[in-house]
Amino acid sequence: MRQALLAAQAAGDLPPFELPPTLPIQRSARPELGDYASPAPLQLAKLARRKPLEVAEIIVRHTPHSPLVAAWEVAPPGFLNIRLDETWLLEQINTIIAAGDDVFALDIGRGKRAQVECVSANPTGPLTVGHTRNGVIGSTMANLLRALGYDVQMEYYFNNAGRQMRILGQSLQARYLQTLGQPVPLPEEGYQGEYLIQVARDLVKQYGDTLKDEGWERFKVEAEKAMFAWIDRSLARINIRFDVYFNENSLYEDSSVWKTLEALEQRGYVYRAVLREGAGDEERAKLPPDAKEAVWFRSTALGDEEDRVLVKSSGEPTYVLPDIAYHVNKLERGFDYLINVLGADHIVEAQTVARGLTALGYDASRVHVILYQFVTLIEGGEQRKMSTRRGEFVTQDELVDDVGADVVRYFILARSPNSHLEFDLDLARKQANENPVYYIQNAHVRCAGIFRQAAERGLTDDGADLSLLGARERDFVRKMLEMPEVLLQSYEELAPHKLAFYAHELARLFHPMYDEVRVLHSDVPPELAKARLRLYGAARVVFRRLLTLMGMSAPEVM
RNA sequence: GUGCCUGUAGCUCAGUGGAUAGAGCGCUUGCCUACGGAGCAAGAUGUCGGGGGUUCGAAUCCCUCCAGGCACGCCA
C-alpha cells in the first residue's frame, strides 16, 4: 500500500505529502466485505486534499499484483477491503501440516537470548494461588518466546537468608520437638500451617530424636529442602519448570551487591544522609534525635518522586540494592530480552530497579515487567484473604486437585494480567464439566477421533484436492491464519491472555464445522472425504500448538 | 492526599482510534442413525460508571467527577 501511494504521488495522481510511518491494516470486522480492511484512505484524505473514496480508488489503481491477494475493493466512506486469493489460502493447509509442531513459528528473536523470571517465592511454604498466576503468566510467555525464535531460560529468584526463613526454621524446630512429645510453643509470628507438622514427622522418621539439640539453623536447612521439593512438584503439575534457581545470597558472596553500590556512587547517584534530600518537615519531625546516616539512591534525578534507601543506617542493605545488583547480573549474563513477572504491589520496586539500571548505564528497556493484579478467592460467596504465615490460604495444589491443571492454567490465562482475577472456587469446582477448557480440548480430540476412524477404514488424505472444500472450511482456514498475528500481539503487548481467547474463538468455528462437514459419512464422496481429512489434519496441528503454548495438554481422547 | 490498575449484558470477562460493541456462564426454544454430545441450531438481555472535550469517526485519546482494588517504610 505504501508502494501504491508512492507510485500515485510519482504519477501525479496524488499531491506530494509525507506518508505516516505506519499505515493501518487489520482483519476486517465484516467478513462479507473482505478478509482485511484498511481505513487508510480516511486518514490520508486530509493530507491528500482529496475525498477518501478517491484516495482509495487511486491506491487500488497503483497497487502491484500479489499472489496472496485476489482483490482490492473500495467501500464507503473510504475503506479499502482486501480479499485473499483462494488458491493461496487453501495451500496454507498443506503448509500448516508440513510445519507440524512448529507451525506458525516466527523468527523474531533470531536466536537471541531471553530470560523469564517468575514465581520467585521464598521457600517458606507451599505455593498459593497468587504464585500460580505468576507462574502461568511467566511460563506461557516463555513458551511464546520460544515459538518466536528466542533461546529462552526460566529463572527462579529466591532469598533464604532473611528473617522469615529464620522464623521458618524456628517453627520447624518447635514442630519437631512437639512431635517428640515436648510441650514447646511455636515462636511468636511462627508459621502455623499444617505442612510443617508433616515435615517434622518426616524428620522424626528419618533422624529419630537425634536432632533435638540442634539449633534452628539446622532446621532451616531442612525446611528449605522440604519446601523446594514441594514447590518443584507443585509447579511441575501445572507444567512449569525452571532452568536456574538463583539465590540472592550469591550476590553477597561474590560481593556484587557492593560493587553495584560503588558503581552507582561513581556515577554520582549516591549520597549519605540521615534524611533524604527534599524531605518535608513531617518526615524530619518523625526522625529520632539519635538517627544515623543511611545511604541513599538519588532516583529523583531519574524521575522518581523521592530518593530510596540503599543501605540502612544499620549498615544492612535494603531489598532495593541486591535487586538492582541481580538485574545487572542478568544483563551481564548476556540476555537481550528479560521478562519479570510481578504482583501489582511490586510496582515501585520495578521502577526503582529500572532507574538503578539506567543510572548504571544499562539499557533498562530490555527488562519487560508484567504486573498482574491480585487473585481473589471466593468461597461460599465470601472472599478469602490469604496469609502464608497463619497458614490460611488456598494452595495451588488444592486448586489443582479440585479442578485439574488444565483448568487452572486456562482460567488464569483467560484474563488480562491487568484485570483482577476473581477465582470462584465453588464455581470452578462445579463447572469442571462445562468449561471452555474442554470445549477447546475437545476440538483436538475430535480431530484425533477422525484420524483414528479413518485409519480403521483405510482412508488417507493422499492426493487431496483442496479446492473441493466449501465456504465454512475456508473460513476456518482464514481463522487459523490469524494465529501468527495473535502470537505477535501477545508478545508485543505482553498479553498471554490473547492466546486463550484466540483458542476459544477458533474452537467456536471448529465445532459447528465438525457438525456439518463430515468426513466418514456414507454420502460423502471419497474425493471430498480426502480433502476434508486433510483440513482436519491442519486443525489438529493448530489446536495442539495452541494448547501446548498455553502449557495445557492436547488429549487424543476425552 | 499522591501514584498505578479496574469500571462493558444478570454474573465472569474480551475488545484500547474505524464499518452493526462480543464471548463464556446463566435463561428460553428446538436437535440424538453420535467420524466420542464435554456438541449443534435459534432467541432475549447493553445510559460501554457519569459529564465535558479532541476527531471525518471514541468503549478506546484528553480533562473532570464518582466507585472499587493495590501501592505509597531505613519490611522483603
Side-chain angles (χ1 to χ4, degrees), chain A residues 24 26 28-30 33 37-40 42-43 45-46 51-52 75-79 81 122 159 161-165 248 274-276 286-287 291-296 305-306 308-320 322-323 343-349 351 371-374 376 378 411 414-424 427 430-443 445-454 456-457 459 493 497-498 500-502 504-505 508 511-522 524 529 532-533 536 557-558:
Chain A
Q26 59 217 202
S28 181
R30 301 180 62 181
L33 297 179
S38 173
L42 285 165
Q43 289 180 357
K46 194 174 269 180
K51 288 176 186 166
F79 286 97
N81 290 318
N122 289 338
N159 174 329
R163 177 173 167 271
Q164 293 306 322
M165 288 300 294
E248 180 185 326
V274 171
L275 204 61
R276 69 178 175 92
K286 266 192 277 182
L287 211 62
K292 292 189 209 139
E293 278 191 337
V295 181
W296 296 82
E305 286 167 15
E306 56 184 74
R308 312 282 167 181
V309 174
L310 293 171
V311 183
K312 303 181 218 170
S313 47
S314 66
E316 217 182 331
T318 60
Y319 70 92
V320 174
D323 220 3
D345 52 334
H346 288 83
I347 180 156
V348 175
E349 175 182 346
Q351 287 169 345
L371 289 168
Y372 62 93
Q373 299 294 318
F374 281 145
T376 318
I378 311 279
F411 261 56
R415 265 157 194 75
S416 156
N418 276 339
S419 183
H420 295 252
L421 171 51
E422 214 163 271
F423 211 121
D424 188 326
L427 201 68
K430 232 186 298 174
Q431 285 189 339
N433 282 339
E434 267 187 309
N435 209 290
V437 178
Y438 301 105
Y439 188 73
I440 296 165
Q441 287 181 323
N442 194 33
V445 167
R446 285 178 143 180
C447 291
I450 293 172
F451 277 86
R452 256 197 319 276
Q453 288 286 326
E456 277 173 30
R457 302 185 196 186
L459 176 72
E493 298 169 24
H497 69 282
K498 285 180 189 278
F501 279 88
Y502 172 70
H504 192 263
E505 283 170 24
R508 224 161 38 78
H511 288 295
M513 176 173 80
Y514 174 90
D515 220 47
E516 189 184 288
V517 182
R518 304 264 165 148
V519 177
L520 305 164
H521 196 272
S522 50
V524 177
R532 290 176 172 180
L533 187 62
Y536 285 112
V557 288
M558 278 295 193

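Throughout, a chain's letter reflects where its sequence line sits, starting with A, and its residues are numbered from 1. Hydrogens, waters and symmetry mates play no part in the numbers below; they use all other heavy atoms, side chains included.
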Using a cut-off of 4.0 Å on non-hydrogen atoms, how would the nucleic acid contact of [X] be classed: base, sugar-phosphate, or nothing?
| X | value |
| --- | --- |
| A:Val517 | base |
| A:Leu371 | nothing |
| A:Ser416 | sugar-phosphate |
| A:Pro39 | base |
| A:Phe451 | nothing |
| A:Arg508 | sugar-phosphate |
| A:Ala37 | base |
| A:His420 | base |

Determine the Euclidean distance between corresponding [atom1] atoms of [M] and [N]; express it in Å to zero decimal places.
| N | M | atom1 | result |
| --- | --- | --- | --- |
| B:G15 | B:A9 | P | 15 Å |
| B:G24 | B:A38 | C1' | 14 Å |
| B:U47 | B:A42 | C1' | 29 Å |
| B:C66 | B:G51 | C1' | 11 Å |
| B:C4 | B:A23 | C1' | 28 Å |
| B:C62 | B:C70 | P | 25 Å |
| B:C75 | B:G68 | P | 32 Å |
| B:U45 | B:C35 | C1' | 37 Å |

Which nucleotide wins on minimum distance to the side chain of [X], given the candidates [options]?
| X | options | answer |
| --- | --- | --- |
| A:Pro512 | B:C35, B:C40, B:A19 | B:C40 |
| A:Lys46 | B:C56, B:A19, B:G37 | B:C56 |
| A:Asp515 | B:G18, B:C40, B:G24 | B:C40 |
| A:Val519 | B:C35, B:C5, B:G37 | B:C35 |

Whole angstrom value for the distance that separates [atom2] of [N] from [atom1] of [X]:
| X | N | atom1 | atom2 | result |
| --- | --- | --- | --- | --- |
| A:His497 | B:U12 | NE2 | P | 18 Å |
| A:Arg415 | B:C25 | CZ | P | 13 Å |
| A:His511 | B:C35 | NE2 | P | 15 Å |
| A:Leu42 | B:G57 | CG | P | 11 Å |
| A:Gln26 | B:U60 | CD | P | 17 Å |
| A:Arg446 | B:A38 | CZ | P | 8 Å |
| A:Tyr372 | B:C5 | OH | C1' | 14 Å |
| A:Gln351 | B:C70 | CD | C1' | 13 Å |

Below 4.0 Å: OP1/OP2 of [N] and any side-chain N or O of [X]:
| X | N | result |
| --- | --- | --- |
| A:Ser28 | B:A19 | no |
| A:Arg518 | B:C35 | yes |
| A:Asn418 | B:U6 | yes |
| A:Tyr439 | B:C40 | yes |

Side-chain contact test, heavy atoms from C-beta onward, threshold under 4.5 Å: evaluate it for [X] versus [Y] and give yes or no.
| X | Y | answer |
| --- | --- | --- |
| A:Val519 | A:Gln453 | no |
| A:Val348 | A:Arg308 | yes |
| A:Ile440 | A:His504 | yes |
| A:Trp296 | A:Glu306 | no |

Interatomic distance, A:Tyr319 atom OH to A:Asn159 atom CG [nearest 0.5 angstrom]: 13.5 Å

Interatomic spacing from OH in A:Tyr372 to CG in A:Asp345 - rounded to 0.5 Å: 7.5 Å

Main-chain N/O of A:Ala294 paired to A:Ser313 side chain as donor or acceptor, under 3.5 Å: no

Hunt down the Watson-Crick or G-U wobble partner of [N], both distances under 3.5 Å, from any strand shown, or write none.
| N | answer |
| --- | --- |
| B:U47 | none |
| B:U54 | none |
| B:C4 | B:G69 |
| B:C25 | B:G10 |
| B:U60 | none |
| B:G36 | none |
| B:U20 | none |

Geometric class of the A:His511/A:Tyr439 ring pair [parallel <30°, tilted 30-60°, perpendicular >60°]: tilted

Of A:Arg532, A:Arg457, A:Glu456, the residue whose pairing with A:Leu520 passes side-chain contact (heavy atoms from CB on, under 4.5 Å): A:Arg457

[X] and [Y]: which non-hydrogen atoms are nearest, and at how many Å?
| X | Y | value |
| --- | --- | --- |
| A:Ile450 | A:Tyr514 | CD1-CE1, 3.9 Å |
| A:Pro24 | A:Ser38 | O-OG, 2.5 Å |
| A:Asn418 | A:Gln373 | O-CG, 3.0 Å |

Contact nearer the 5' end of RNA chain B, comparing A:Gly449 with A:Gln43: A:Gln43

Contact state string [nucleotides 71-76 of chain B, B base, S sugar-phosphate only, - no protein heavy atom under 4.0 Å]: S--BSB

Base of B:C13 and ring of A:Phe501 stacked, centres under 5.5 Å, planes under 30°: no

Under 3.5 Å between N/O atoms: give me all the protein pairs with nucleotides 28-30 of chain B, atom names plus distance.
none

Pair A:Phe411 + A:Phe423: ring centers closer than 6.0 Å: yes

